[in-house]
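Working notes, structure below.
Computed from a predicted structure; not experimentally measured. Letters A, B, ... are given to chains in the order of the sequence lines, protein chains preceding strands, and every chain is numbered from 1.
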2 protein chains.
Amino acid sequence: MPHTIGFQCADHSRCKTTSLAQAEAHCASRGLRLTPVRRRTLEILLAEHRALGAYDVLAHLADAGMGSQPPVAYRALDFLVKAGLAHKIEALNAYTACMHPGHDHTPAFLICRGCQTVAETDTTLANGRLGAAARGAGFVIEHTVVEATGLCPACTEERA
Amino acid sequence: MPHTIGFQCADHSRCKTTSLAQAEAHCASRGLRLTPVRRRTLEILLAEHRALGAYDVLAHLADAGMGSQPPVAYRALDFLVKAGLAHKIEALNAYTACMHPGHDHTPAFLICRGCQTVAETDTTLANGRLGAAARGAGFVIEHTVVEATGLCPACTEERA
DNA sequence: CAGCTATTGATATGTTATAACATTCTGTTT
DNA sequence: AAACAGAATGTTATAACATATCAATAGCTG
């Protein structure tokens, strides 16, 4: 597994390579097609531990000569999200690469408002109070969004 | 306190009245001005246990002759959110009235994709795994978004 | 009532997302 | 190899969500 907390990513080029290789394997084993646009989109997301807006992604795709209209980016992002290779950060209306694809997980995010870094971790929400409330109410949870915004260690220090 | 789970709201007119009275008291005690537009916006949100988009709210405000341009709705919603009288549902880009204003809380939501009902409950996220991950990484959480989508009891049954 | 601040009104624009339909690509059957 | 079916992409247009900016007004304070 790559690192769990993006704020502590020491060797990002290794992190990118690993994630991309995992994505390849993940798609191959499921008969999903990681086409050039999709692969490039994932690379764009993997470039940094940040969330990118669809239009940021689109601009990068356009730079690479791979389509310049919104649906191109949205379709690629939708594919990656459905395939579990990326996540949408609802609080930012933006997208980020998954840091451990394949591991069936309930992702949770720490979002730094100082440097926009996004770190992915896990939660066991269904076992906590929300899960209990849901079961108590007879509510069937299908998807969860867990995001915390604040300041990462570096940004906290900078403002001290 | 009104009810905690919207799916189980039996007497909604009472629920509305109570929440509005709480809001009045809340603002009075803090020197916040619950102006006509703001009060009406809250009433609009309280009308149902659903999240409304800003433009839905705006349409209702316009019906009431209270402004028809987007900033009117967004300003009123921002006020309510900052005052703790409403919440933004990030997964829907929509807004819902707070069900227990004044109780300093970390809200969490159950969102039914069948009937769009939104139920507010609480989490103790900071004590759970995400909180632990944040502390471990030296991340200072300022705000959290916890939202679960799925099916409420009524909608689950309907599809059975 | 003069001056300050908060609020509202109004115009314009920026940002995020999708509907709809045409075209091309990929693999499969014949 | 030709015909076909389905997936993916290209393209146009538009819908939905949100904010910057400046002008006008209301409410409070000295």
Side-chain angles (χ1 to χ4, degrees), chain A residues 23 27-28 30-42 44-45 50-83 85-96 111 113 116 145 147, chain B residues 23 27-28 30-42 44-45 50-83 85-96 111 113 116 118 145 147 149:
Chain A
C27 288
R30 283 168 178 72
L32 298 173
R33 294 171 53 194
L34 191 60
T35 63
V37 178
R38 293 167 177 177
R39 191 191 154 96
R40 187 56 172 251
T41 300
L42 180 56
I44 290 165
L45 292 181
R50 278 175 49 217
L52 292 180
Y55 283 74
D56 293 329
V57 170
L58 181 58
H60 281 98
L61 286 173
D63 286 349
M66 303 183 86
S68 57
Q69 298 307 318
V72 174
Y74 281 101
R75 285 193 284 234
L77 290 167
D78 285 350
F79 169 84
L80 294 175
V81 169
K82 283 195 182 124
L85 299 173
H87 300 291
K88 179 168 187 186
I89 306 295
E90 296 290 350
L92 302 176
N93 291 319
Y95 303 81
T96 191
I111 305 161
R113 67 172 166 81
Q116 282 76 54
V145 173
E147 299 168 0
Chain B
C27 289
R30 283 167 176 74
L32 298 173
R33 292 171 54 197
L34 191 60
T35 63
V37 178
R38 292 167 177 175
R39 191 192 152 95
R40 188 57 173 251
T41 300
L42 181 56
I44 289 164
L45 292 181
R50 278 176 50 216
L52 292 180
Y55 280 68
D56 293 329
V57 169
L58 181 58
H60 281 98
L61 285 173
D63 286 350
M66 303 181 88
S68 56
Q69 298 307 317
V72 174
Y74 281 102
R75 285 194 286 234
L77 290 167
D78 285 350
F79 168 85
L80 294 174
V81 169
K82 283 196 181 120
L85 298 172
H87 300 292
K88 180 170 187 185
I89 306 296
E90 297 291 349
L92 302 176
N93 291 320
Y95 303 82
T96 190
I111 304 160
R113 69 171 164 80
Q116 283 77 55
V118 173
V145 174
E147 299 168 1
T149 53

TODO: Could you identify which residues of residues 87-94 of chain A place a heavy atom less than 4.0 Å from some atom of DNA chain C, listed by residue number, or say none?
DONE: A:K88, A:N93
Show me the donor-acceptor pairs within less than 3.5 Å that the side chains of residues 72-83 of chain B make with the rest of the protein, sequence neighbours left out.
none

Pairs of donor and acceptor atoms involving the side chains of residues 50-68 of chain B, under 3.5 Å and at least two apart or interchain, shall be tabulated with distances.
residue	atom	partner	partner atom	Å
B:R50	NH1	B:E48	OE1	3.1
B:R50	NH1	B:E48	OE2	3.3
B:D56	OD2	B:G53	N	3.2
B:H60	ND1	B:D56	O	3.0

Open item on the list: Once side-chain hydrogen bond (donor to acceptor under 3.5 Å, both in side chains) is applied, do any residues pair with A:R30, and if so which ones, sequence neighbours excluded?
Closed with: A:H26
Task: Any residue of residues 55-79 of chain A with a heavy atom less than 4.0 Å from an atom of DNA chain D - done: A:Q69, A:P71, A:V72, A:R75
Open item on the list: Just N and O in the side chain of A:T35: are any of them under 4.0 Å from OP1 or OP2 of D:dA7?
Closed with: no
Open item on the list: Within the 4.5 Å heavy-atom criterion, are A:N93 and A:K88 side-chain neighbours or not?
Closed with: yes
Task: Residues forming a side-chain hydrogen bond (donor to acceptor under 3.5 Å, both in side chains) with B:R113, sequence neighbours excluded - done: A:E142
Task: Rounded distance [0.5 Å steps], CD in B:E90 versus CD1 in A:I89 - done: 11.5 Å
Distances under 3.5 Å only, N/O to N/O: pair up the protein atoms with those of nucleotides 25-30 of chain D.
none

Task: Gap between atom CD of A:E147 and atom CD1 of A:I111 - 0.5 Å precision - done: 4.5 Å
Task: Sequence-distant partners of A:R40, side-chain hydrogen bond (donor to acceptor under 3.5 Å, both in side chains), two or more places apart - done: none
